[in-house]
Amino acid sequence: MAKRSSKQEQAIGITMDSDETRSSIPRVLRYALINKDLYSKKGKDLPDDFVKYFIPESEWFQKKKRGKANDWMQCQKESGQTFIQWQRSGCSLPFGRRTSIYLLPLAFIEDPIPKEILDPLRAFADVFFQIPVKIMGSKKLNKKVPNRINEYSNTYQVDAGKVLEIMKPWVPGDAFCVAGITMCDLYPRESWNFVFGLANLAGNCGVYSLARYLSNFGKTQTTVYEPASEEGGKSTIFKRACKTMCHEIGHMFGLKHCIYYECLMNGSNNLEESDGRPLFLCPVCLRKLQFSCKFDIEERYRQMIPILECFGLTDDVNWLKTRLTRLETLKKD
Ligand SMILES: [Zn+2]
Ligand SMILES: [Zn+2]
């Protein structure tokens with residue numbers, strides 16, 4: 001008799017038909033995709049070995065760890081969102097004219113995000129989502145948004161919800177979404193200490209902050225970008241910025257926080273937790289994004305390599321290379 005699928009496997013939307021399949025992963029064709037017919041209705045042919053991309057092999061995908069007392073999953077009630085639940089939630093897809101992602105640099109009383117970070121961020125988002133990503137002209141919102149000095153960090157913060165309201169009319173006609181990026185610290189509501197980012201799905205916009213990713217955060221009321229004084233230099237900042245950007249834009253595709261695997265879509269409560277979060281999507285979240293953007297998974301992985309190599313992100317490059325080699329092996333079976 002077939003074993004019951006784990007919570008994780010059910011979330012991906014793949015079932016394994018026998019114990020034999022379970023123990024011999026290369027025989028991927030024995031995996032059956034739930035809702036396979038939904039793909040053909042969308043006019044997208046599913047390659048026979050498509051399912052191999054979503055086999056949660058532990059070398060690349062680890063089940064979500066319990067985490068520490070102050071971590072997101074310990075503080076927030078998250079029920080997770082399976083692939084099927086995501087589809088049924090009326091997931092947001094880029095279609096018609098609304099097929100581009102826009103990055104909008106926002107500044108308040110601090111400096112805008114530097115071009116040397118913004119340009120490669122755009123390039124990474126372009127590859128990550130495989131839809132066009134464009135940079136909008138930066139906006140200075142000095143004192144136009146409710147603000148405060150945070151009593152714990154002594155930093156200048158702006159109300160993220162109000163920023164989203166201001167951004168709404170700026171959403172271009174061909175935008176799937178606009179992601180505001182700022183070096184200013186954010187808060188979502190008066191009672192909250194801070195937030196890394198906030199999204200308004202209905203308004204097709206989100207905003208996220210790099211303030212807390214810089215080592216001089218809290219030393220002065222506004223955060224200053226000084227790559228020379230950062231441990232790990234530019235690459236640490238770039239990786240953190242990529243993760244937050246792709247996580248926040250991921251929410252715009254209707255992806256909820258992931259509770260199944262260590263994944264880019266895991267919620268995060270603090271810097272240590274967001275640093276521990278992978279740069280890549282787990283099989284559950286990858287399946288959702290692939291369904292949205294219809295990309296070639298191997299080609300997407302391949303295109304990420306040169307960008308990450310530029311920033312010396314060796315571990316991530318290695319993840320991609322070994323993953324690609326593995327997928328190549330599965331092709332031959
Ligand atoms: Zn989130
Ligand atoms: Zn995930």
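For ligands, and for the atoms within them, numbers begin at 1 and follow the listed sequence.
- A ring-centre distance under 6.0 Å is not found for Phe61 and Phe280.
- Side-chain contact check for Tyr213 and Asp275: no donor-acceptor pair (N or O, by modelled atom type) lies under 3.5 Å.
- Using the six-membered ring where Trp is involved, Phe83 and Phe291 have ring planes that are perpendicular, over 60° apart on the 30 and 60° scheme.
- His251 contributes atom NE2 as its closest N/O/S atom to the Zn ion (ligand 1).
- Between Phe128 and Phe124, the ring-plane angle classifies as tilted under the 30° and 60° cut-offs.
- When rounded to 10 degrees, the angle formed at the Zn ion (ligand 2) by SG (Cys282) and SG (Cys285) equals 110°.
- For His247, the N/O/S atom at the shortest distance from the Zn ion (ligand 1) is named NE2.
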